[in-house]
Asks: 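The structure is given below, and queries will be raised subsequently.
These figures come from a predicted structure and were not determined experimentally.
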Amino acid sequence: MTAIKEATKKSMLDNVMQQFNKTADTIMLNPNIRNILSITNNEIILHFPVKMDTGEVKIFTGYRVQHNNALGPYKGGLRYHPTVDVEDAKALAMWMTWKTSLAGLPYGGAKGGIQIDPREYSIGELERITRRFTYALGENIGPEHDIPAPDVNTNEQTMAWMADTFMSTKSSSERSKNQHVVTGKPVGSGGLEGRNRSTGYGVYLTIKLLYQSRGEQLAGKKFIVQGFGNVGYWTSHFLTNDGAILLAVQDAHATIINENGIAVEDLFEHSKPRKGSIQGFDGAVEMEPAAFFGLQCDILIPAALGNQITAENAYQVKAEVVAEGANGPIDTEGEAILLQNGITIIPDIMCNSGGVIGSYFEWLQNRNGELWQLDEVMFKIDKKLTEVFKKVETVVKENQTDWRTAAYILAIKRIETAYIQRGIFP
């Protein structure tokens with residue numbers, strides 16, 4: 001039994017629909033627009049062959065769900081995970097629509113991936129799987145149509161393969177115009193300085209802004225993190241640099257704790273050669289995975305998979321703030337318990353939106369043929385996230401509501417306005 005449970009597919013879609021319907025009722029959303037937003041525009045399922053290192057040909061299944069593009073091109077990550085399916089992608093694509101809208105970006109929402117455990121394949125096999133999937137997607141993606149990015153178990157290398165494959169299908173005179181078909185690329189291949197840390201930075205910044213709004217600082221605050229991938233690491237990096245203390249970390253392999261604080265960089269160096277696993281780290285001791293959420297701390301950051309905090313374990317949570325580094329880590333029943341217990345939830349569509357904001361700047365950089373430096377990129381992300389936080393905070397106070405409801409009100413109202421102004425063709 002792994003420390004991190006697999007997401008429950010049906011309930012992830014149920015969760016996003018319950019959140020949407022609650023907000024639609026609250027703002028008395030136009031019923032026609034409600035009908036449009038309650039379904040996805042396109043659901044693409046692809047079966048494609050790839051030759052393995054042994055010479056055997058295996059058939060893989062890939063997905064791309066495009067939820068809504070009223071505000072601009074579809075935007076969203078691609079994940080490689082055994083649990084990926086069309087229901088999963090539908091829920092995640094919807095969340096992306098709300099996230100890009102809330103951030104004020106000219107994007108819609110999409111999500112997808114391949115149903116594999118990447119640890120079972122060589123680098124060469126992963127490259128061939130990625131390139132064949134990109135080719136199979138064909139014109140279903142494009143720099144002005146649908147722009148994928150990294151997600152669970154995908155990274156800048158994955159994006160470099162995708163960009164190169166997509167660009168190779170174009171005529172030689174058109175290739176450079178298609179570099180921004182994906183974001184999250186390596187810096188040497190058109191990527192953005194700071195994109196790799198932007199999601200984790202956003203989680204850190206929203207936590208910091210929340211405490212500042214309460215007249216408090218991060219120094220001395222104890223936090224625990226579920227998931228120590230890109231998001232978990234960078235969030236921990238920035239929080240500890242600001243004086244917070246990393247008390248415990250959980251991943252699919254182990255749950256570790258150190259009452260005096262875990263050294264973030266040491267843990268990162270330990271996990272790198274172990275495919276990200278934190279198991280065996282000598283700067284902490286292992287603990288019972290089931291007790292993780294019940295640890296006494298100030299901040300809990302679920303930064304792994306969806307549906308981790310449910311009615312079964314939400315009552316255990318002792319943190320005063322839960323910051324959603326992952327997409328949909330709390331189901332609706334779990335959320336009701338947390339709110340009833342006076343716990344503040346920083347919702348995923350705001351908390352982890354630093355990633356898509358960073359992607360937007362990479363897309364602009366490629367589109368405009370520019371190269372931005374790290375300090376100006378982080379300044380832009382900081383400015384954008386702070387603006388979003390303040391808008392949501394205003395709605396929280398004006399409506400005396402929770403942060404997720406406030407974020408959803410802003411996100412869905414923006415899309416409603418676009419539809420009202422444009423009308424429906426024909």
Asks: Using a strict threshold of under 4.0 Å (side-chain N to carboxylate O), is an ion pair present between E393 and K390?
Replies: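 No, no charged N to carboxylate O under 4.0 Å.
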Asks: Side chains of K75 and T183: is there a donor and an acceptor less than 3.5 Å apart?
Replies: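 Looking only at side-chain atoms, T183 and K75 do form a donor-acceptor pair, the distance falling under 3.5 Å.
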Asks: Would you call the rings of W234 and H237 parallel, tilted or perpendicular, where under 30° means parallel and over 60° means perpendicular?
Replies: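 Correct class here is perpendicular.
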Asks: Are any of the side-chain nitrogens in D53 or R128 under 4.0 Å away from the carboxylate oxygens of its partner?
Replies: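 Counted as a salt bridge, because a side-chain N and a carboxylate O are separated by less than 4.0 Å.
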Asks: With distance as the sole criterion, is a donor-acceptor pair present between the side chains of T158 and N155 under 3.5 Å?
Replies: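 Per modelled atom types, T158 and N155 side chains form a pair under 3.5 Å.
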Asks: Using only atom types and a distance under 3.5 Å, with no angle test, would you say the side chain of E376 pairs donor to acceptor with the backbone of Q373?
Replies: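 Looks like yes, one N/O pair under 3.5 Å.
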Asks: What I want to find out is whether R404 reaches E324 closely enough, with some N-O distance under 4.0 Å, to be called a salt bridge.
Replies: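 Looking at E324 together with R404, the answer is yes, because their closest N to O distance falls below 4.0 Å.
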Asks: Classify the side-chain pair E43/T40 by whether it contains a donor and acceptor separated by less than 3.5 Å.
Replies: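 Distance-only check passes for E43 and T40.
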Asks: I309 vs D331, test: side chain to side chain contact (heavy atoms under 4.5 Å, CB included). Steps then yes/no.
Replies: CA-CA 6 Å; I309 300 175; D331 73 9; over 6 Å; no
Asks: For the backbone of D402 and the side chain of T405, can you confirm whether one donor and one acceptor N or O come within less than 3.5 Å of each other?
Replies: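 No: the side chain of T405 does not pair with the backbone of D402.
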Asks: CD1 of I45 to OG1 of T61: how many Å apart, nearest 0.5 Å?
Replies: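 It is 8.5 Å, given to the nearest 0.5 Å.
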Asks: Can we say K51 and E56 salt-bridge, meaning some charged N sits less than 4.0 Å from an Asp/Glu carboxylate O?
Replies: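 A salt bridge is absent here (no side-chain N lies under 4.0 Å from a carboxylate O).
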Asks: Identify whether the distance between the nearest side-chain nitrogen and carboxylate oxygen of K111 and D151 falls below 4.0 Å.
Replies: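 Between D151 and K111 there is a salt bridge, with a charged N closer than 4.0 Å to a carboxylate O.
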Asks: Any chance you could lay out the ring pair (Phe, Tyr, Trp, His ring centres under 6.0 Å) test for F133 and W161, step after step, and finish with the verdict?
Replies: CA-CA 10 Å; F133 177 50; W161 291 330; over 10 Å; no
Asks: How many angstroms lie between CD in E416 and OG in S101, if you round to the nearest 0.5 Å?
Replies: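 It is 11.0 Å, given to the nearest 0.5 Å.
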Asks: With the threshold set at 4.0 Å, does a side-chain nitrogen-carboxylate oxygen contact exist between D25 and R34?
Replies: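 A salt bridge is present here (some side-chain N lies under 4.0 Å from a carboxylate O).
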Asks: Looking at D164 and A160, would you say the former's side chain and the latter's main chain have a donor-acceptor pair under 3.5 Å?
Replies: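 Such a contact is absent between D164 side chain and A160 backbone.
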Asks: Between S198 and R195, does any side-chain donor sit less than 3.5 Å from a side-chain acceptor?
Replies: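 Result is yes, a qualifying pair exists.
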Asks: Mind checking whether F228 and Y233 have parallel, tilted or perpendicular rings, split at 30° and 60°?
Replies: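 Rings of F228 and Y233: perpendicular, as their planes differ by over 60°.
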Asks: Please check this pair: side chain of E362 against backbone of K185, looking for a donor-acceptor N/O pair closer than 3.5 Å.
Replies: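 Yes, because the side chain of E362 sits within donor-acceptor range (under 3.5 Å) of the backbone of K185.
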Asks: Does the distance from a Lys or Arg side-chain N to an Asp or Glu carboxylate O, for D348 and K99, drop under 4.0 Å?
Replies: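 Not counted as a salt bridge, because no side-chain N and carboxylate O are separated by less than 4.0 Å.
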Asks: Is R367 salt-bridged to E144, going by a charged N under 4.0 Å from an acidic O?
Replies: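 Here R367 pairs with E144 in a salt bridge, since their nearest N and O are under 4.0 Å apart.
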Asks: Please answer whether the main-chain N or O of S122 pairs with a side-chain N or O of E125 as donor and acceptor at a distance below 3.5 Å.
Replies: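 Yes: the side chain of E125 pairs with the backbone of S122.
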Asks: So does Y135 have more than 12 non-hydrogen atoms from other groups sitting under 6.0 Å from OH?
Replies: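 Result for OH/Y135: open.
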Asks: How are the rings of F238 and Y201 set to each other: parallel, tilted or perpendicular (split at 30° and 60°)?
Replies: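 It falls in the perpendicular class, over 60°.
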Asks: Salt-bridged, E87 to K90, with N to O below 4.0 Å?
Replies: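 Yes, this pair counts.
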Asks: As a test of understanding, state which of W98, W95, F20, Y74 forms a ring-ring contact (aromatic ring centres under 6.0 Å, His included) with H67.
Replies: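 Checked W98, W95, F20, Y74 against H67; only one passes ring-ring contact (aromatic ring centres under 6.0 Å, His included): W98.
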Asks: For N307 and N15, test the side chains for any donor-to-acceptor distance below 3.5 angstrom and give the result as yes or no.
Replies: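 Side chains of N307 and N15: pair found under 3.5 Å.
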Asks: Do Q365 and W363 pair up side chain to side chain, a donor and an acceptor below 3.5 Å, judged on atom types alone?
Replies: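 Absent: no donor and acceptor within the cut-off.
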Asks: Is there a donor-acceptor contact under 3.5 Å from the side chain of Q66 to the main chain of A110?
Replies: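 A pair under 3.5 Å: no.
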Asks: Indicate the atoms forming the closest heavy-atom contact of L37 with Y419, along with that distance.
Replies: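 It is CD2-CE1, 4.3 Å.
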Asks: Can you tell me how far the OG1 atom of T130 sits from the CD1 atom of I114, to the nearest 0.5 Å?
Replies: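 Answer rounded to 0.5 Å: 5.5 Å.
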Asks: Looking just at side-chain N and O atoms, do Y204 and D242 make a donor-acceptor pair shorter than 3.5 Å?
Replies: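 Present: a donor and an acceptor within the cut-off.
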Asks: Within this structure, what is the OG1-CD distance for the pair T255 and Q250, rounded to the nearest 0.5 Å?
Replies: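 These two atoms lie 3.5 Å from each other.
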Asks: Q226 and Q308: side-chain donor and acceptor closer than 3.5 Å?
Replies: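 Short answer, yes.
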Asks: May I ask you to decide whether K275 forms a salt bridge with D251, counting only side-chain N to carboxylate O separations under 4.0 Å?
Replies: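 A salt bridge is absent here (no side-chain N lies under 4.0 Å from a carboxylate O).
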Asks: Side chains of Y211 and Q217 only: does a donor on one sit below 3.5 Å from an acceptor on the other?
Replies: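 Judged by distance alone, the side chains do not pair up.
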Asks: CG/L210 to CD/E320 distance, rounded to the nearest 0.5 angstrom?
Replies: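 The CD atom of E320 is 8.5 Å from CG of L210, to the nearest 0.5 Å.
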Asks: Apply salt bridge (Lys or Arg N to Asp or Glu O under 4.0 Å) to E387 and K391, showing your working.
Replies: CA-CA 6 Å; E387 288 171 359; K391 286 178 183 175; 5.6 Å; no
Asks: What's the separation between atom CG in L209 and atom CG in L385, rounded to the nearest 0.5 Å?
Replies: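 Answer rounded to 0.5 Å: 8.0 Å.
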Asks: For the side chain of N178 and the backbone of M167, is there at least one donor-acceptor N/O pair under 3.5 Å apart?
Replies: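 A pair under 3.5 Å: no.
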Asks: Run the side chain to side chain contact (heavy atoms under 4.5 Å, CB included) test on I278 and H253 for me, step by step, so that the C-alpha distance in whole Å, both residues' side-chain angles and the decisive distance to 0.1 Å come before the verdict.
Replies: CA-CA 7 Å; I278 63 171; H253 310 282; 5.8 Å; no
Asks: Counting N and O atoms only, with roles assigned by atom type, does the side chain of T23 sit under 3.5 Å from a partner on the main chain of I409, one being a donor and the other an acceptor?
Replies: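 Side chain of T23 to backbone of I409, a donor-acceptor pair under 3.5 Å: no, none is there.
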